[in-house]
Protein chains: 2
Amino acid sequence: MSPPQDRGRAPSIRDVARLAEVSHQTVSRVLNDHPSIRPETRERVLQAMETLQYRPNRAARTLVTSRSNTIGVLAALSTTYGPATSIAAIEDAAREHGYHVNTANLADTSPAGIADAIEHLMLQAIEGLVVIAPQVRVFEVLAASSIGVPFVSLQSTGRRDHLALSVDQVTGARRATQHLIGLGHREIVHLAGPQDWIEAEARMRGFLEAIDDAELGLHPPILGDWTADFGYYAGSELVRRRDFTAVFAANDEMAIGLMHAFRDAGLDVPGDVSVVGFDDIPVAKHVAPTLTTVYQDFHEIGRRAVALLLNQVHGAERIEVEDIVPRLVVRGSTAPVAVRPASVAR
Amino acid sequence: MSPPQDRGRAPSIRDVARLAEVSHQTVSRVLNDHPSIRPETRERVLQAMETLQYRPNRAARTLVTSRSNTIGVLAALSTTYGPATSIAAIEDAAREHGYHVNTANLADTSPAGIADAIEHLMLQAIEGLVVIAPQVRVFEVLAASSIGVPFVSLQSTGRRDHLALSVDQVTGARRATQHLIGLGHREIVHLAGPQDWIEAEARMRGFLEAIDDAELGLHPPILGDWTADFGYYAGSELVRRRDFTAVFAANDEMAIGLMHAFRDAGLDVPGDVSVVGFDDIPVAKHVAPTLTTVYQDFHEIGRRAVALLLNQVHGAERIEVEDIVPRLVVRGSTAPVAVRPASVAR
DNA sequence: GACAGCGATGTGAACGTGCACATCCGGATC
DNA sequence: GATCCGGATGTGCACGTTCACATCGCTGTC
């Protein structure tokens, strides 16, 4: 009934060999799908494994092959929807390829904290690294610590020391801004993310390009921290000025906080102010008003990151990386600019 | 300038020993903080490590000690706020204890999918397992596959084969329901989670207890899938009946979808219907209306899970596990029952 | 001054696997 | 029938670390 007592050590390749009456090397061959092995022998070995409940010892294998079959993930803000979804996708994809995933969070974004997280991952002897929701600083530390394994960034960084998925955040942000401009808005404020985040910088750039293209005046962007709470705070400050008719927030959480502040101040969205977010988190389509935003396929991003990384790990030729272009999703938080701008209400 | 070429293998303990002119065992002692080592010797060894950029090989260590310093996390729905936050907390806590974390997602919740995920983790030779957002089935599979390592559940399961944090979901749900009752609501619907989820079952139980205590009539609960989209769907169905004045949703996402549907149907929250959620996700306080919900400290839950698990891994005596009782947070989505219930509006 | 005791260090084996190489066997080739 | 070849299998070692045990010298005790 119950499995054989695990007295002492787990069964090894040699225990299996003894039971199957072959050499340990034959067992090893069965494990690694070596071609030249008689079907009959293979069967006997598999049988023995089954009986002994044999599980290969990854540590031993790693030791001799110096391949850990593990990739690392360096994630910041891993509790938010986007990164969390990408991480999950990375795990799924890695598992499909027989790889394990080891995650380290960047709770502390100081260089020391970053170095610490990287060091932690390196101890695990990872073969490659995926960097999620990356800050500029992370790549500086990575470059400085010469980790000796390939790494992939989920965002284009412009650096040459690693590959990056090119998710065209700039275009996404530009489209969001152009949408507002198309609705007649001319006084648009950007609620940006922290500028040491590559994504935040790209989104800001897209915003600026669109503003520039349309030859509109520039409101100084507000630098936020991605949180809904900050969005609320920024909104409360903004309503004092009311010299704008639309806000493009760098992510949905901030947009939602923003709308909250506007609501509290008696401003109507989208009647008085239009709001656009970024990411299309699952609740975006259900908040009031439903949020116009830019959709990103985080799952696909995670999958591609793994494909790209493993390709590099195995030293194959460079694979094609097509751009992922985020898609504008128009919902209820944007509307044509009011005849009299909100500023008049002052 | 650049570090020494990594020609061939990485430096080993023996390379360090040679450079420091000691035996390899002395180096090992320095690594493991062995007490009897002369400070001067230690210094020399550390110096040598520094020069060689030595990093201990975890595979070799694991092989000989049969301790992997890795714990596994089996997570479902890891992209949502609660699980993601707990996972992050688990990683932080594990790292503090020198442990690595290996995560496997439960994309597929069939027994085969579950067994597959567990098998994947076991290949990694994990020392313990944390099960997040657990479904009943997971524990059945775990019991059946006799994984041989301790595991900890983030929710009380009533099973005896593992430890569980006791987060008192029942009390949390009861308080939420009592809050509605206290406001005069007598027709309360519960939008539950999938009943094979332990949390969903506990929240439903708390709801039923509160209804029972107050001797109210029972509306058959609606079984949802945790998503905001389902909340919207359920809300659309519910508005056809309008035989209720309040809804207690098993999580915030569903509550937000629900409110969306009510809004679309012209029902006012909380004027016509009160809504309570569960979890207190970051946007809960910013949606319109702000959502009354039950706060859970996911971070603390993750931390405690690691403490509990490592304690068990190290075979220490059982540690005290105090209950974590979720806290009701009253916001704008609940109000005293209207003089004429929504049903009259029919 | 002999001996126990302890601090500081060294020696060899073992962990479980894969690799390089050796061996054995049957069939094809001449 | 001697030779070669390749499929199927076995033998020993190496990977980098820790563990058990041994060694050496110094101090304190009687």
Side-chain angles (χ1 to χ4, degrees), chain A residues 6-46 48-49 52-70 98 100 122-125 127, chain B residues 6-46 48-49 52-70 98 100 122-127 148:
Chain A
D6 48 330
R7 65 191 67 176
R9 293 257 173 182
S12 84
I13 209 180
R14 291 195 139 88
D15 298 320
V16 175
R18 199 173 310 122
L19 185 58
E21 296 179 303
V22 293
S23 77
H24 70 105
Q25 178 59 8
T26 301
V27 178
S28 172
R29 288 196 178 98
V30 171
L31 278 175
N32 296 294
D33 284 325
H34 190 93
S36 64
I37 206 130
R38 248 187 338 186
E40 167 195 323
T41 314
R42 169 196 308 276
E43 199 47 50
R44 212 167 63 238
V45 170
L46 290 176
M49 287 183 184
L52 293 177
Q53 291 247 44
Y54 168 79
R55 278 211 190 85
N57 183 319
R58 249 168 55 81
R61 180 176 294 182
T62 297
L63 179 58
V64 68
T65 58
S66 43
R67 302 204 37 232
S68 64
N69 267 264
T70 300
H100 293 258
M122 290 317 297
L123 280 180
Q124 175 77 324
E127 293 181 30
Chain B
D6 47 330
R7 66 191 64 179
R9 292 258 173 184
S12 85
I13 209 179
R14 291 195 139 89
D15 299 321
V16 175
R18 198 173 313 122
L19 185 59
E21 298 179 299
V22 294
S23 76
H24 67 107
Q25 176 60 5
T26 301
V27 177
S28 171
R29 287 196 178 98
V30 171
L31 278 175
N32 296 293
D33 284 327
H34 190 92
S36 64
I37 205 127
R38 242 180 348 177
E40 168 195 323
T41 313
R42 167 194 310 275
E43 199 47 51
R44 213 165 63 238
V45 170
L46 289 176
M49 288 183 184
L52 294 177
Q53 291 247 44
Y54 168 80
R55 276 210 192 84
N57 182 319
R58 249 168 55 81
R61 178 177 296 182
T62 297
L63 179 58
V64 67
T65 57
S66 45
R67 301 204 37 232
S68 65
N69 266 265
T70 300
H100 293 258
M122 290 317 296
L123 280 180
Q124 174 76 324
I126 56 171
E127 292 181 32

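Fair warning: this is a prediction, and the values are worked out from it, not measured in the lab. Naming convention: chains lettered A, B, ... in sequence-line order (proteins, then strands); numbering from 1 in each chain.
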What are the atom names and distances for every N/O pair under 3.5 Å that joins the protein to nucleotides 6-8 of chain C?
none

- Message: Please report the end-to-end axis angle for the helix from C/dG1-D/dC30 to C/dC30-D/dG1, five pairs per end, rounded to 10 degrees.
- Response: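 Result, rounded to 10 degrees: 50°.
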
Distance from [X] atom [atom1] to [Y] atom [atom2], nearest 0.5 Å?
X        : Y        : atom1 : atom2 : answer
A/Gln124 : B/Gln124 : CD    : CD    : 6.0 Å
A/Arg44  : A/Arg38  : CZ    : CZ    : 7.5 Å
A/His100 : B/His100 : NE2   : NE2   : 14.5 Å
B/Asn69  : B/Ile126 : CG    : CD1   : 13.0 Å

- Do we see a donor-acceptor contact under 3.5 Å between the side chains of B/Ser68 and A/Arg58?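 A/Arg58 and B/Ser68 do not have a side-chain donor-acceptor pair below 3.5 Å.
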
- Quick tally for nucleotides 12-20 of chain D: nucleotides whose base has a protein heavy atom under 4.0 Å get B, sugar-phosphate-only ones S, the rest -, giving B--BBBBBB

- A/Met49 CE to C/dG16 C1', straight-line distance once rounded to whole Å: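 From A/Met49 CE to C/dG16 C1': 13 Å.
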
- Task: Take atom CZ of A/Arg42 and atom P of D/dG7, then tell me their distance rounded to the nearest Å.
- Result: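 Rounding to the nearest Å, CZ of A/Arg42 and P of D/dG7 are 15 Å apart.
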
- Query: Which atom pair, heavy atoms only, marks the closest approach of B/Pro11 to B/Leu52?
  - Reply: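 Closest pair (atom of B/Pro11, atom of B/Leu52, distance): CG-O, 3.4 Å.
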
- By salt bridge (Lys or Arg N to Asp or Glu O under 4.0 Å), which residues pair with B/Arg42, not counting sequence neighbours?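 Applying salt bridge (Lys or Arg N to Asp or Glu O under 4.0 Å) to B/Arg42 gives B/Asp33.
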
Side-chain atoms of residues 14-22 of chain A: list all donor-acceptor pairs with protein atoms under 3.5 Å, sequence neighbours left out, distances to 0.1 Å.
residue	atom	partner	partner atom	Å
A/Asp15	OD1	A/Arg18	NH1	3.4
A/Asp15	OD2	A/Ser12	N	2.8

- Message: Just to verify, what does A/Thr65 make a side chain to side chain contact (heavy atoms under 4.5 Å, CB included) with, not counting sequence neighbours?
- Response: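 If we apply the side chain to side chain contact (heavy atoms under 4.5 Å, CB included) test to A/Thr65, skipping adjacent residues, the hits are A/Arg61, A/Arg67.
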
- Full working for side chain to side chain contact (heavy atoms under 4.5 Å, CB included) between B/Leu31 and B/Met49: CA-CA 10 Å; B/Leu31 278 175; B/Met49 288 183 184; 3.7 Å; yes

